[in-house]
Amino acid sequence: MKRLRRFALLSADAVRDGLRNRVGLFALGGALLVGLFADRCTGVSGGTFVLNGRPYDLTDGAKLVGPVLYGLCALLLVWVAGFLACDSLARPLSDGSAPLWLSRPVGRGTYALSRLAGCLGLGLGIAPALLGLAVFAADAWVVAALAMTLALVLPRVVALAAITLGMQLVVVANLFHLVADSSGGLLRAIERFGPPLGTALVYALSPWFSEGPAAAEWIDPVFRLLVWGGGASALLVLLFRRQELPA
């Protein structure tokens with residue numbers, strides 16, 4: 001019980017640190033506005049127009065715009081989790097506040113994972129869609145764990161740039177494969193072995209505009225998300241335990 005209480009207190013401290021970050025708060029606010037607009041789109045009904053003699057139903061288009069905006073909102077929040085994670089553990093190490101916590105009966109693994117949980121808590125608080133919450137949480141977990149790990153071995157600006165570029169490459173590779181079903185090349189390798197950030201999100205939102213993927217199609221993306229999230233978290237704890245603390 002004491003360990004859980006310490007973990008909760010440390011996670012709350014990480015959330016407070018994240019709330020002091022104006023850039024992160026601006027991104028969270030933007031994502032919330034996108035989510036509200038997307039919700040309006042999914043509720044549009046009625047109305048048609050004719051172009052070159054062909055009728056078009058506005059309802060069908062609105063139903064597609066809604067999940068697309070929700071997807072963009074989710075990816076923005078995933079990036080916010082990575083942005084906050086780059087600073088959440090590296091900054092306490094640089095300003096000397098981490099050793100103060102670790103001088104108490106707090107293990108390094110508990111401290112690192114609680115900071116990670118705090119970063120995820122900010123984004124999960126305004127998740128873009130309840131049905132996609134599990135996928136969004138897994139995506140944010142992977143990105144935040146990787147960002148926090150990179151920030152231990154690279155300058156924070158470089159770590160943020162790497163995470164931002166990496167997210168773009170992975171999502172483009174996922175979407176390109178879903179649309180074009182590419183058979184080779186760098187994008188295919190990224191889609192096959194990288195974290196399926198975009199693939200899992202499309203699967204979660206697809207029932208809004210189609211029948212959705214079969215249950216068997218979920219096995220691969222779920223397995224890879226768990227492997228990447230668990231592997232990144234384990235590597236984070238391992239590197240933090242070996243980290244030299246400032247005097």
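Quick note: numbers below take in every heavy atom, side chains included, and nothing from hydrogens, waters or symmetry partners. What you are looking at is a predicted structure, and each value in this text was computed from that prediction instead of being measured.
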Checklist line | Pairs meeting criterion side-chain hydrogen bond (donor to acceptor under 3.5 Å, both in side chains) with involvement of residues 142-154, two or more places apart | finding: none
Next item on the list: Mind listing the closest non-hydrogen atom pair of L225 and A200 along with its distance?
Entry: CD1-CB, 3.8 Å
Check: When rounded to the nearest 0.5 angstrom, what is the spacing between CG in L239 and CD in Q243?
Finding: 7.5 Å
Note to self: For residues V153 and F83: do they belong to one hydrophobic cluster (side chain heavy atoms under 4.5 Å, members Ile, Leu, Val, Met, Phe, Trp, Tyr)?
What the structure shows: yes
Check: To the nearest 0.5 Å, what is the distance between CD (E191) and CG (L197)?
Finding: 11.0 Å
Checklist line | ILVMFWY cluster, L165 and V157 together (side-chain gap under 4.5 Å) | finding: no
Margin query: What I'd like to find out is whether the side chain of W218 reaches to under 4.5 Å of the side chain of V135, using heavy atoms alone.
Written below: yes
Notebook entry, point to check: According to the side-chain hydrogen bond (donor to acceptor under 3.5 Å, both in side chains) rule, which pairs have a member within residues 231-242, sequence neighbours left out?
Noted result: W141-S233
Note to self: Is it the case that the side chain of W228 and the backbone of F193 share a donor-acceptor pair, with hydrogens and angles ignored and the cut-off at 3.5 Å?
What the structure shows: yes
Note to self: Tell me every residue that passes side-chain contact (heavy atoms from CB on, under 4.5 Å) with A147, counting only those two or more places apart in sequence or in another chain.
What the structure shows: A85, C86, I163
Notebook entry, point to check: Listed by chain and number, what are the salt bridge (charged side-chain N to carboxylate O under 4.0 Å, His left out) partners of R156, not counting sequence neighbours?
Noted result: D87
Checklist line | Main-chain N/O of G194 paired with R224 side-chain donor or acceptor, under 3.5 Å | finding: yes
Next item on the list: Would you mind listing every side-chain hydrogen bond (donor to acceptor under 3.5 Å, both in side chains) that reaches into residues 109-121, with sequence neighbours excluded?
Entry: D13-R115, D17-R115, S88-R115
Notebook entry, point to check: Once you round to the nearest 0.5 Å, how far does CG of N174 lie from CD1 of I190?
Noted result: 9.0 Å
Margin query: Please say yes or no: joined through hydrophobic side-chain contacts below 4.5 Å, possibly via intermediate residues, are L226 and V142 part of one cluster?
Written below: yes
Notebook entry, point to check: Could you state the interatomic distance from CG (L89) to CG (L116), rounded to the nearest 0.5 Å?
Noted result: 9.5 Å
Notebook entry, point to check: Quick one: do L169 and L186 end up in the same hydrophobic cluster if we chain Ile, Leu, Val, Met, Phe, Trp and Tyr together by side-chain heavy atoms under 4.5 Å apart?
Noted result: yes
Item checked: Euclidean distance, L175 CG relative to T199 OG1, rounded to 0.5 Å -> 7.5 Å
Check: Can you tell me how far CG of L150 sits from CG of L160, rounded to the nearest 0.5 angstrom?
Finding: 10.5 Å
Next item on the list: Could you give me the CA-CA distance, side-chain angles and deciding distance for Q168 and L75, then say whether side chain to side chain contact (heavy atoms under 4.5 Å, CB included) is met?
Entry: CA-CA 10 Å; Q168 293 177 18; L75 290 175; over 6 Å; no
Check: Where do L93 and L152 land on the side chain to side chain contact (heavy atoms under 4.5 Å, CB included) test, with the steps shown first?
Finding: CA-CA 9 Å; L93 284 173; L152 289 179; 3.5 Å; yes
Check: When clusters are formed by joining ILVMFWY residues with side-chain heavy atoms under 4.5 Å apart, either directly or through shared neighbours, do M167 and V227 land in the same one?
Finding: no
Check: For A232, which residues count as a side-chain contact (heavy atoms from CB on, under 4.5 Å) partner, sequence neighbours excluded?
Finding: A145, L146
